[in-house]
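This structure is a prediction, so every number in the text was calculated from the model and none was measured. In each ligand, atom 1 is the first atom listed, and ligand 1 is the first ligand listed. Computed from heavy atoms alone, side chains included, the values below leave out hydrogens, waters and symmetry copies.
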Amino acid sequence: MLNATLLLDALMMPAVLLRLVDSHWIVLAQNLLATEKWGRFSERELVQMEPKLRFCWETNSATEQQKTECCGHVQRFIMIFSPWMLADGKAVLVHYVPTTEISYPASENDNLATRFNLVVAGSKGGIYDWNVIDDSVYWSDRMKAILGASSYQFSGKAAAFWERVHPEDKKHVEDSLQGHLVHCWPFDVECRIRTDAGYYVWINVTGQAVWDAQGKATRLAGSVVDITDRKRAQTEIQEREKLIESILDALPLNVFVKDAHGCLRFYNEQTEKTTGISREQAIGRTDFEIFPPQVAQSNMLVDMRLRKDGGTVIAEELIHKDDYDMWLLAGKKLLTYHPAGGHPEDWILSFSIDITDRKESEIALLAAKETAEMAVRAKSDFLSTMSHEIRTPLNSVIGTASLLMDSDLDDEQRIYVNLIRQSGEHLLGLINDILDFSKLEAGKMLVEHEPFRIAEQLDIVSRIVSSLATNKGLQLKLYLGETMPEVVYGDAHKLRQVLLNLTSNAIKFTSHGEIRLEVILVKPENQSDPVLCFSVSDTGIGIPADKIGLLFSEFSQVDASTTRKFGGTGLGLAICKKLVEIMGGQVGVSSELGLGSRFWFSLPLEVANASLLEHEIKPISNLKEQTPLTILVAEDNPSNQLLIRAILSKLKHQVVIAKNGIEVVDFVQQASYDLVLMDMQMPEMDGLDATKAIRALGGRYAGLPIIALTANALEGDKGRVLSVGMNDYLSKPIDIGKLKEALQRWSS
Ligand code: ADP
């Protein structure tokens with residue numbers, strides 16, 4: 001029962017515990033406040049509440065009842081009846097809760113005493129009234145309840161309060177009290193005070209003193225409010241704020257926040273380190289107060305744009321420090337701040353991270369890439385210049401050897417001259433490979449987009465390599481898929497180059513059996529349109545599985561002994577791969593050691609109308625006897641001049657040599673020529689400009705046949721040559737057959 005009494009004492013309102021025994025209600029316990037109110041719980045009270053008590057007892061459910069009491073004033077209560085389980089059986093707890101509604105007795109006049117009582121009764125806080133002269137204090141019940149103290153435990157002296165104030169708070173409460181009593185400063189202080197149970201509660205004490213004529217305080221009255229909950233909530237908020245701050249401080253990020261006026265409100269540790277400006281210097285200030293004006297100005301512009309457009313701004317920023325530069329990846333975002341009781345405001349959250357290391361390596365990488373690209377460009381330029389320089393005399397060697405072959409030679413001489421010509425052609429092939437590769441590597445190779453006949457290209461390739469195959473006793477078979485379009489768009493020259501390379505390899509690495517050159521239409525997976533698939537299959541030595549992956553890399557050959565046996569540079573397949581790729585296709589190979597290989601490549605299919613090729617220059621198959629022509633040859637290189645003169649003279653033509661473009665334009669106006677053979681690269685004026693100048697003369701010059709002689713067949717300059725008004729082009733070294741064909745075509 002003692003426990004129940006203690007529990008009841010903890011209630012802030014009068015409370016009684018009752019039990020029904022043999023149809024009689026007996027009081028099991030009542031708390032101090034009830035004792036103060038009634039002394040002993042009265043029979044009259046029991047009669048009034050009997051029906052509700054019964055209801056609660058019988059249904060085990062809580063109920064309530066209004067009650068009004070008159071005791072100098074009218075006080076309204078709600079009586080709450082709750083079922084209560086005790087160790088020895090059930091009981092009903094009745095406690096009285098005053099309602100806030102207090103009305104003044106109509107019969108009485110307002111007077112101070114009544115009002116004071118009402119205020120004391122209605123106040124949520126405790127009330128005290130301290131007589132400073134005799135040190136007696138009136139403490140209201142609420143005040144005692146806050147402290148959890150009974151009237152007996154809380155004497156009517158000020159000391160009863162002071163001895164309970166937390167030692168750490170005593171001084172500032174005393175200072176505040178003296179400030180009020182002596183200097184009339186407002187008395188409003190928060191402190192901790194010990195309850196009877198031994199723990200501390202937070203209270204807010206306010207008061208107003210009364211002073212005598214000499215200015216001595218004689219009385220102090222005021223209120224005490226329990227603010228423990230508020231303090232606890234405040235402490236929790238502060239702790240959470242501290243936690244968030246320490247998390248933001250621990251981040252290797254600069255984080256700071258500006259309010260609606262641009263004043264810094266938050267500034268983390270990393271920002272202090274990065275800027276060298278402490279939190280104390282920064283908080284409450286604008287950028288203009290802490291940063292150099294240009295920096296503050298540019299920050300302000302970004303902030304203004306953000307406030308206008310919203311969203312998030314992320315950018316890389318370069319910051320110049322005294323002795324080094326720092327790169328930051330910085331972001332800004334609008335935050336909506338809700339001040340207590342005020343309108344929401346737009347604040348700006350800024351965050352940034354040091355990316356100097358990454359940026360420096362990026363810059364270094366970029367510089368290295370540029371240097372590497374420059375080196376590749378330089379290499380490619382060097383190679384193309386060198387190969388051009390080498391090709392010119394080589395053309396003379398091959399051409400002269402060809403001329404010699406047609407002259408009267410004995411058998412031994414013929415073998416030697418043939419050797420010279422073959423070696424020259426081999427060397428030219430190597431130079432062409434190197435030149436092609438360097439151009440492809442430097443991305444300088446242009447792809448043509450012209451209509452051509454697929455069958456014709458296959459035919460040309462097979463005619464070129466057929467003697468090689470026949471010499472080795474190999475069969476060369478062509479296969480053209482059934483549904484193939486006749487004419488397609490593409491770069492016939494590059495296609496031929498790839499096919500020639502693959503077919504020559506197939507012949508080179510096959511000793512018996514057959515070579516199959518095939519083109520079909522294939523529809524790759526995940527692609528709606530079919531593609532052209534060319535393949536070259538052989539029954540040769542095959543390729544070991546572990547070497548297949550390297551085949552298309554430059555300078556790669558299956559093994560040294562193979563290389564020695566078969567020769568080659570290892571550039572051919574690398575060139576094929578790059579050529580196919582710039583034409584938009586893919587390459588691949590499958591092979592079985594000892595059984596043969598199949599090299600294939602795909603090209604995008606773009607069908608062209610066959611009528612586009614109706615007006616093309618058709619090869620003249622049956623060469624008729626050519627009537628002698630007067631030909632103007634533009635050529636700056638003396639040995640080439642010699643060679644071309646010899647070839648043309650041998651073909652019974654009259655030859656005039658001009659050593660540059662200016663001379664050509666001059667000569668054509670002085671005499672009449674049947675045709676001009678125009679070198680492309682010449683000093684003073686090149687072939688293109690000379691042609692333009694001749695065509696610009698108009699009249700008969702407009703129809704004068706001009707055939708370009710280009711040293712670099714792969715330059716893809718057929719388009720350029722035709723666009724300035726030339727009629728045809730021949731590549732060097734000059735193929736006598738092709739030259740004859742062209743002369744016949746354009747002289748007729
Ligand atoms: P090259 O033939 O000038 O050495 P390629 O790049 O054309 O250079 O070929 C690289 C290597 O691939 C060759 O040296 C050879 O070892 C291998 N190879 C190419 N084609 C075939 C083939 N049809 N059969 C067997 N091996 C081949």
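- Interface of L551 with ligand 1, defined as ligand atoms under 4.0 Å from a residue heavy atom, comprises 12 (O), 17 (C).
- Checking only distances, L573 does come within under 3.5 Å of ligand 1, N or O to N or O.
- In this structure, R695 is not positioned above the aromatic face of Y701 in the sense of NZ or CZ being under 6.0 Å from the six-membered ring centre and within 45° of the axis.
- Neither the backbone nor the side chain of T510 has a heavy atom within less than 4.0 Å of ligand 1.
- Only the backbone of L571 comes within 4.0 Å of ligand 1, judged by heavy-atom distances.
- Within the structure, ligand 1 has K508 among the residues with a heavy atom less than 4.0 angstrom away.
- Comparing heavy-atom distances from atom 15 (C) of ligand 1 across F509, F599, F552 singles out F509 as nearest.
- Ring-plane geometry between F552 and F599 is classed as perpendicular, the angle between the planes exceeding 60 degrees on a 0 to 90 degree scale with a lower cut at 30.
- In summary, K359 and E316 engage in a salt bridge, as defined by a charged side-chain N under 4.0 Å from a carboxylate O.
- Ligand 1 has at least one atom lying under 4.0 Å from a heavy atom of S597.
- Between K692 and D689 there is a salt bridge, since at least one side-chain N of the basic residue sits less than 4.0 Å from a carboxylate O of the acidic one.
- On a distance-only criterion, G572 and ligand 1 share at least one N/O pair closer than 3.5 Å.
- One N or O on the side chain of T539 and one on the backbone of E514 form a donor-acceptor pair closer than 3.5 Å.
- The closest side-chain heavy-atom distance from F452 to Y489 is not below 4.5 Å.
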